[in-house]
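Bear in mind that the values here come from a model prediction, so they are computed numbers and not experimental data. Every heavy atom of this structure was used, including side-chain atoms; hydrogens, water molecules and symmetry mates were not.
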Amino acid sequence: MLRATDASVSYGDGVVFRDLSIEVDAGEVLAVIGPSGVGKTTLLRLLALSLEPDDGSVSLDGTEAWAGDATERLALRRRVGLVFQEANLFDATVARNVEYGLRVRRSWTDRIGSLFGRGVPEAVHEALDVVGLADETRRHADSLSGGEAQRVSFARALAYEPDALLLDEPTSDLDPRNTAVIEEATAEARDRGIGVAVATHDMHQAERIADRVAVLLDDGITEVGPTEAIFEDPTDERTRKFISGELVY
């Protein structure tokens, strides 16, 4: 339901990828693996509808993002959540940070009402519960550890129930406990029917959490398929060499 078709992206004279096609279906976790610098973040920005491809198209539920005007594109973009490698929280409480996505999607009347003490929305409580921080609504963001901050960032994207959730190396700097929480929250998002794409260089994590895996090498996707098939019986020789460690980047 979130799909890039024959998409090409370049920066100056450098080609990131060309003629790339990939889709993220509702209720699945798709892991995008590949070495650092291969373009995983660029691919997520493309799927988040924040980067226009040089060629090709990106669509959500069949609606092409770059065929309409800016207002139509914003409406599509608001159905996609993106969690970065760093949390990037606001100077506010945990609750206010998690509520942000909800607030910008409300009418102006509801936004103003939220400023005058209508309480914390239930969706915020539910999202924080998913990441194990249900009792931390009043804590200030600057008191959080790095792992807690990333969990709040995840809850912020989950609270407004996006159709698709894109995670860019969400656990690369986290300890095992916080990593486990994020992975469990990713499974919860999938179980809610959200399509999740995770860019990661951690192949063990991809094996743990993904339903399907896409391998991004050089200037495109060499292979995409069920997780077990990709890791145990890849059909593309480049995929096999990358997974076995024979390709050095």
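In this structure, the salt bridge (charged side-chain N to carboxylate O under 4.0 Å, His left out) partners of Glu183, at least two apart in sequence or on a different chain, are Arg208. Not a single side-chain hydrogen bond (donor to acceptor under 3.5 Å, both in side chains) links Glu184 to another residue, sequence neighbours left out. Remark: Asp142 pairs with His140 by the side-chain hydrogen bond (donor to acceptor under 3.5 Å, both in side chains) rule, at least two apart or across chains. Taking Glu72 as the reference, nothing meets the salt bridge (charged side-chain N to carboxylate O under 4.0 Å, His left out) condition, with sequence neighbours excluded.
A distance of 11.0 Å separates CD1 of Ile194 from CG of Leu166, quoted to the nearest 0.5 Å.
In terms of modelled atom types and a separation under 3.5 Å, the side chain of Thr171 and the main chain of Leu174 share no donor-acceptor contact. With hydrogens and angles disregarded, no donor-acceptor distance shorter than 3.5 Å links the side chain of Arg240 to the backbone of Ser244. Checked by atom type and distance alone, the side chain of Ser145 pairs as donor or acceptor with a backbone atom of Glu148 at under 3.5 Å. Side chain of Thr200 to main chain of Asp202: a donor-acceptor pair is present (N/O by atom type, distance under 3.5 Å, no hydrogens or angles).
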Sequence neighbours excluded and cut-off under 3.5 Å, please list the side-chain donor-acceptor pairs for residues 14-22, or say none.
{"residue": "Arg18", "atom": "NH1", "partner": "Asp219", "partner atom": "OD2", "Å": "2.5"}
{"residue": "Ser21", "atom": "OG", "partner": "Asp6", "partner atom": "N", "Å": "2.9"}
{"residue": "Ser21", "atom": "OG", "partner": "Asp6", "partner atom": "OD1", "Å": "3.4"}

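One hydrophobic cluster, built from ILVMFWY side chains closer than 4.5 Å, cannot hold both Trp66 and Leu82; they sit in different ones.
Contacts classified as side-chain hydrogen bond (donor to acceptor under 3.5 Å, both in side chains) and involving residues 44-55 (residues at least two apart or in different chains) are given here: Tyr11-Arg45.
Just one of His201, Gln85, Glu86 meets the side chain to side chain donor-acceptor pair (under 3.5 Å) condition when paired with Ser172; it is Gln85.
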